[in-house]
Amino acid sequence: MPNALQPEARRLVVRTPSRVEGMLLLAGVAVALVASFVVARDRMTWAMETVWVMLAWPWLAFDRRIAPTRLLAWLLALHALVLIQGGAFTYAKAPLGEWLRDVLHTQRNPWDRVGHLMQGFVPAILAREVLLRRTPLRPGGWLTYLCVAAALSFSAFFELIEWWSALALGADADAFLATQGDVWDTQWDMFLCLCGAVASMLLLARLHDRELGLRRAA
């Protein structure tokens, strides 16, 4: 089989961050989270945007049984910083998004687009790591499909959360929704998630295999 692994390669030797590197990543995200709370324009929006960081980061910090690969740890930290900036300033007013708008000459602040691209890029690698470490699945077409599907399913769930927030909060949810007047915002969000998931599979799969100690059969 073209994508089969040698049987002995299933005994994974995972390359995880060093203790110092892991602590620096955790501390960096924690500092950014606290600073974002201090400068947050809207504390309710901040909480809704950063809740994923607050739930995931302590879990990763204290449960050593699920220590991620070095690649995944850095990706999770980067994704957390994207969420934190969106929470601090709202996605429609994020400073890096304003800079991108000037560079790309877009009509809207594109930071929410970056966020949804990352929503596919990073969770797809997270799903890939869980599936390779916890199931008999091997690298190949089915694994790639399931990773992309996992990222899209999370994106769809997030869009449901936005819908429920709009129903419950009305106009108070506008900053969280960050549609910026785009009637196709939901479709753009899910499309960019799909693009991010596919891109991570194409760009990082082989590097991820090496970090997991996997070797592809010739």
CA sep, side-chain torsions, deciding dist, call: L117, C195, side chain to side chain contact (heavy atoms under 4.5 Å, CB included) | CA-CA 7 Å; L117 193 68; C195 291; 4.1 Å; yes

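- By the criterion of side-chain heavy atoms lying less than 4.5 angstrom apart, applied directly or through intervening Ile, Leu, Val, Met, Phe, Trp or Tyr residues, V38 is not grouped with L81; the two fall into different hydrophobic clusters.
- Pairing each heavy atom of M118 with each of P123, the nearest pair is O-CD, 3.2 Å.
- Under the side-chain hydrogen bond (donor to acceptor under 3.5 Å, both in side chains) criterion, R15 pairs with E211, sequence neighbours left out.
- Within the 4.5 Å cutoff, no side-chain heavy atoms of Q85 are placed close to those of S36.
- A salt bridge is defined here as a Lys NZ or Arg NE, NH1 or NH2 lying under 4.0 Å from an Asp or Glu carboxylate O, and K93 with D42 fails to meet this definition.
- The shortest non-hydrogen separation linking V82 to W111 is O-NE1, 3.4 Å.
- Applying the side-chain contact (heavy atoms from CB on, under 4.5 Å) rule to V39 yields the partners A88, F89; only residues at least two apart in sequence or on another chain are considered.
- In terms of heavy atoms, N109 sits closest to A94 at ND2-O, 3.1 Å.
- A continuous path of Ile, Leu, Val, Met, Phe, Trp and Tyr side chains, each step under 4.5 Å between heavy atoms, connects L202 with L207, placing both in one hydrophobic cluster.
- Using a 4.5 Å heavy-atom threshold, the side chains of M201 and I125 count as touching.
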Is there a side chain to side chain contact (heavy atoms under 4.5 Å, CB included) between D209 and L132 once you walk through the steps?
-> CA-CA 9 Å; D209 285 348; L132 284 172; 4.2 Å; yes

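- Legend: residues meeting side-chain hydrogen bond (donor to acceptor under 3.5 Å, both in side chains) with E129, ordered by chain and number and at least two apart, are T69, R133, H208.
- Apart from M190 itself, the hydrophobic cluster it occupies contains nothing, where clustering links Ile, Leu, Val, Met, Phe, Trp and Tyr at side-chain heavy-atom distances under 4.5 Å.
- Looking at every heavy atom in both residues, R128 comes nearest to P139 through NH2-CB, 3.9 Å.
- Shown here for R113 and D189, the closest heavy-atom pair between the two residues is NH1-OD1, 3.8 Å.
- Contacts of W52 classified as side-chain contact (heavy atoms from CB on, under 4.5 Å), with partners at least two apart in sequence or in another chain: L83, F154, F157, F158, I161.
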Listing, residues 141-148 side-chain donor-acceptor contacts under 3.5 Å, not counting sequence neighbours, or none:
residue	atom	partner	partner atom	Å
T144	OG1	G140	O	3.1

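- The two atoms that bring P68 and T16 nearest to each other are O-CG2, 3.4 Å, heavy atoms only.
- In this structure S153 satisfies the side-chain contact (heavy atoms from CB on, under 4.5 Å) test with no other residue, sequence neighbours excluded.
- In this structure, L33 is a member of the same hydrophobic cluster as L55, with clusters built from ILVMFWY side-chain heavy atoms closer than 4.5 Å.
- Screening residues 22-34 for side chain to side chain donor-acceptor pair (under 3.5 Å) gives no qualifying pairs among residues at least two apart or on separate chains.
- To the nearest 0.5 Å, atom CE of residue M54 and atom CD of residue E49 are 10.5 Å apart.
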Which pairs would a plain distance check flag for residues 22-29, meaning a side-chain donor or acceptor within less than 3.5 Å of a matching protein atom at least two apart in sequence or in another chain?
none

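- Applying the side-chain hydrogen bond (donor to acceptor under 3.5 Å, both in side chains) criterion to T50, with sequence neighbours excluded, gives no partner residue.
- Sequence neighbours left out, the pairs with a member in residues 20-40 that pass ring-ring contact (aromatic ring centres under 6.0 Å, His included) are F37-W46.
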For residues 73-80, which side-chain donor-acceptor pairs fall under 3.5 Å, sequence neighbours excluded?
residue	atom	partner	partner atom	Å
W74	NE1	E21	OE2	2.5

Report the C-alpha distance between L100 and V114 in whole Å, list the side-chain angles of each, state the deciding distance to 0.1 Å, and finish with yes or no for side chain to side chain contact (heavy atoms under 4.5 Å, CB included).
-> CA-CA 10 Å; L100 280 175; V114 174; 3.8 Å; yes

